[in-house]
J.: 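This structure is in structure tokens; I'll ask about it shortly.
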Protein chains: 2
Amino acid sequence: MFMQREPRSMGPSSITGAAGYTGFAEGLKLSATARHREKELIYAQGDEAGDIFIVEFGCVRVSRITLEGRRLVTGFYFAGEVFGFETGSERQCYAEALEYSGTRKFHLEDRDLTNPRIADMLFDYLESTHQHLLILGTQNAIERVAAFLVGIADRRGGDGPRARLPMSRSDIADHLGLTLETVSRAIHRLQVLKLITLVGARDVILLDREALIDLGA
Amino acid sequence: MFMQREPRSMGPSSITGAAGYTGFAEGLKLSATARHREKELIYAQGDEAGDIFIVEFGCVRVSRITLEGRRLVTGFYFAGEVFGFETGSERQCYAEALEYSGTRKFHLEDRDLTNPRIADMLFDYLESTHQHLLILGTQNAIERVAAFLVGIADRRGGDGPRARLPMSRSDIADHLGLTLETVSRAIHRLQVLKLITLVGARDVILLDREALIDLGA
DNA sequence: CGCTCATTTGAATCTAATCAACTCCTGTGG
DNA sequence: CCACAGGAGTTGATTAGATTCAAATGAGCG
């Protein structure tokens with residue numbers, strides 16, 4: 001299995017809730033790298049909140065289950081990105097490794113945002129949440145999927161218009177407020193429109209990034 | 001960690017993006033009250049960000065327009081609630097008074113969150129954004145409208161199960177990712193279900209708050 | 001190679017959007 | 001006081017888009 005291990009992902013945060021940083025570690029007491037097997041739970045709903053995580057390699061999915069049992073995937077996080085912000089003392093979300101992944105964490109004491117680095121991370125997270133909200137509030141299926149793919153590709157940095165999708169169609173669907181079948185059909189339509197090419201089910205090549213952005217922005 | 005520093009004036013923040021506070025003014029250099037006529041613009045898309053507003057009386061609507069010209073109403077803010085957080089240096093959203101309203105503001109210097117009161121406001125705002133996201137990501141029309149009405153009624157505090165809606169059906173629709181006709185029909189269905197009563201078009205009485213929460217939570 | 005699970009594809013159904021007409025409310029002016 | 005105008009809201013008919021249910025295909029893994 002090919003494991004992507006990018007040095008860093010920069011770029012503005014995207015719809016999947018990323019906050020990319022270089023040099024984020026300065027001034028933060030980071031834990032040693034914890035390694036997680038595929039599907040391993042990193043934290044659970046109900047856990048005590050307060051730890052913030054940084055992805056070293058791999059990909060993490062953060063989700064939340066509603067009272068009716070429906071799932072919202074709040075974000076996917078790649079190398080260099082930060083996840084784990086919560087507003088209460090108990091976690092409402094849970095996080096899992098989508099593939100073999102490494103994370104480091106630091107403790108956020110009592111909502112202490114005096115460290116401007118942490119404040120920036122929180123603002124970036126807020127921005128990605130706004131972007132996600134805009135997509136769920138205003139876009140249709142094909143627009144959502146287009147925006148999602150552009151967001152993923154942008155964050156994977158230097159490797160051009162190609163991106164691997166470590167998440168399933170069902171994960172994408174629950175992130176975009178759609179069903180997995182609708183996601184599959186939207187991807188198919190994007191191929192017919194010659195805006196993307198699929199290589200297998202989990203690799204996409206963006207053929208016309210501008211058109212995708214026009215659709216999804 | 002993440003403990004509340006201070007009792008809130010109202011329940012947990014709701015889907016409309018409210019952060020209600022008593023005594024919020026302590027330690028903040030608030031401006032004098034600015035008064036706004038109905039429909040008056042409080043700030044515009046493109047304005048310099050950095051000021052945070054507190055509603056003294058009335059109601060404020062915050063919205064954002066997408067490139068395609070679609071509108072997302074990110075929140076409605078009532079007396080005691082805080083709005084105006086943005087992630088960049090330029091505002092992406094614009095704010096308008098829905099009725100004769102008063103606001104006071106303070107300046108947030110360069111994302112400075114060292115004041116724990118401001119950090120709390122930001123966390124509350126993040127929580128309301130999460131709630132909004134959950135609704136747009138997982139709920140259908142009648143559930144969205146039920147959740148919206150409960151949220152409004154909860155925030156209007158002491159005046160029992162009755163709430164005035166200073167916003168139009170179209171505003172509600174753009175907040176919930178629906179059309180105004182769908183909102184109107186959902187309200188009608190909630191009446192038929194005997195969960196609410198309408199008094200005119202802009203006043204609702206919640207008859208069965210539990211059932212509404214079951215629908216919308 | 002064969003199993004399992006993810007994905008795709010198809011058909012039917014259903015929800016919400018769209019387009020259109022009509023009602024209601026409110027404010028204005030004769 | 002009543003008539004009228006204009007905007008907001010409701011209601012109806014139709015359409016479009018996404019969901020649901022079901023089956024077939026494909027990919028990865030032992």
Side-chain angles (χ1 to χ4, degrees), chain A residues 1-3 37-39 61 68-73 98-100 135-146 148-149 164-193 196-204 215-216, chain B residues 37-39 61 68-73 98-100 135-149 164-193 196-204 215-216:
Chain A
M1 204 47 42
F2 314 99
M3 199 162 55
R37 291 182 309 279
E38 188 182 331
K39 294 182 183 163
R61 177 186 70 207
E68 300 90 15
R70 291 178 280 215
R71 180 179 68 148
L72 178 73
V73 172
L98 275 179
E99 57 192 10
Y100 177 61
I135 286 168
L136 295 192
T138 67
Q139 304 199 141
N140 63 23
I142 198 165
E143 292 168 339
R144 293 181 197 203
V145 172
F148 175 78
L149 294 178
R164 172 152 180 82
L165 305 174
M167 69 293 289
S168 70
R169 298 290 185 267
S170 169
D171 290 334
I172 299 172
D174 287 351
H175 183 60
L176 299 178
L178 302 169
T179 62
L180 67 96
E181 295 96 332
T182 299
V183 170
S184 179
R185 282 185 246 263
I187 290 175
H188 178 76
R189 279 199 287 160
L190 289 174
Q191 274 190 289
V192 171
L193 291 170
I196 65 170
T197 299
L198 268 192
V199 184
R202 297 276 185 118
D203 272 281
V204 280
L215 256 186
Chain B
R37 291 184 309 281
E38 188 182 332
K39 294 182 182 162
R61 177 187 70 207
E68 299 91 16
R70 289 177 282 214
R71 181 179 68 150
L72 178 74
V73 172
L98 276 178
E99 57 191 11
Y100 177 61
I135 286 168
L136 295 192
T138 66
Q139 304 200 141
N140 64 21
I142 197 165
E143 292 167 339
R144 292 180 198 204
V145 171
F148 174 78
L149 294 177
R164 173 153 181 81
L165 305 175
M167 69 292 290
S168 70
R169 297 289 185 267
S170 169
D171 290 334
I172 299 172
D174 287 350
H175 183 60
L176 298 178
L178 302 170
T179 61
L180 66 94
E181 295 96 331
T182 298
V183 169
S184 181
R185 283 186 245 263
I187 289 175
H188 178 77
R189 279 199 285 161
L190 290 174
Q191 274 191 290
V192 172
L193 291 169
I196 65 170
T197 299
L198 268 192
V199 184
R202 297 274 186 120
D203 272 281
V204 280
L215 255 185

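We name chains A, B, ... by the order of the sequence lines, and we start the count at 1 in each one.
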J.: When rounded to the nearest 0.5 angstrom, what is the spacing between OG1 in A/T197 and CG in A/L190?
T.: 11.0 Å
J.: 5' to 3' on DNA chain C, which nucleotides open and close the contacts with chain A (atom under 4.0 Å from a heavy atom)?
T.: C/dA6 to C/dA11
J.: Take nucleotides 6-21 of chain D nucleotide by nucleotide from the 5' end and write B, S or -, depending on whether a protein heavy atom sits under 4.0 Å from the base, only from the sugar-phosphate, or from neither.
T.: --SSBBBB----SBBB
J.: Out of curiosity, B/L98 CG to B/E38 CD, how far, rounded to the nearest 0.5 Å?
T.: 8.0 Å
J.: Is the closest basic N to carboxylate O distance between B/R70 and A/E143 below 4.0 Å?
T.: yes
J.: Hey, could you give me the CG/OG distance between B/D174 and B/S168, rounded to the nearest 0.5 Å?
T.: 8.0 Å
J.: Examine distances only and state if a side-chain atom of B/R144 and a backbone atom of B/L176 form a donor-acceptor pair shorter than 3.5 Å.
T.: yes
J.: What are the two closest heavy atoms between B/E99 and B/P166, and how far apart are they?
T.: OE1-CB, 3.5 Å
J.: Between A/H175 and A/R61, is a side chain to side chain contact (heavy atoms under 4.5 Å, CB included) present by the stated rule, with each step listed?
T.: CA-CA 10 Å; A/H175 183 60; A/R61 177 186 70 207; over 6 Å; no
J.: Before you tell me yes or no, could you show the steps for A/V145 and A/L178 under side chain to side chain contact (heavy atoms under 4.5 Å, CB included), namely the whole-Å CA-CA distance, both residues' side-chain angles and the distance that decides it to 0.1 Å?
T.: CA-CA 10 Å; A/V145 172; A/L178 302 169; 4.3 Å; yes
J.: To the nearest 0.5 Å, how far apart are CG in A/L165 and CG in A/L198?
T.: 8.0 Å
J.: Starting from the first five and the last five pairs of the helix from C/dC1-D/dG30 to C/dG30-D/dC1, work out the angle between the resulting helix axes, to 10 degrees.
T.: 30°
J.: Return the OG1 to CG distance between A/T138 and B/L136, rounded to the nearest 0.5 Å.
T.: 10.0 Å
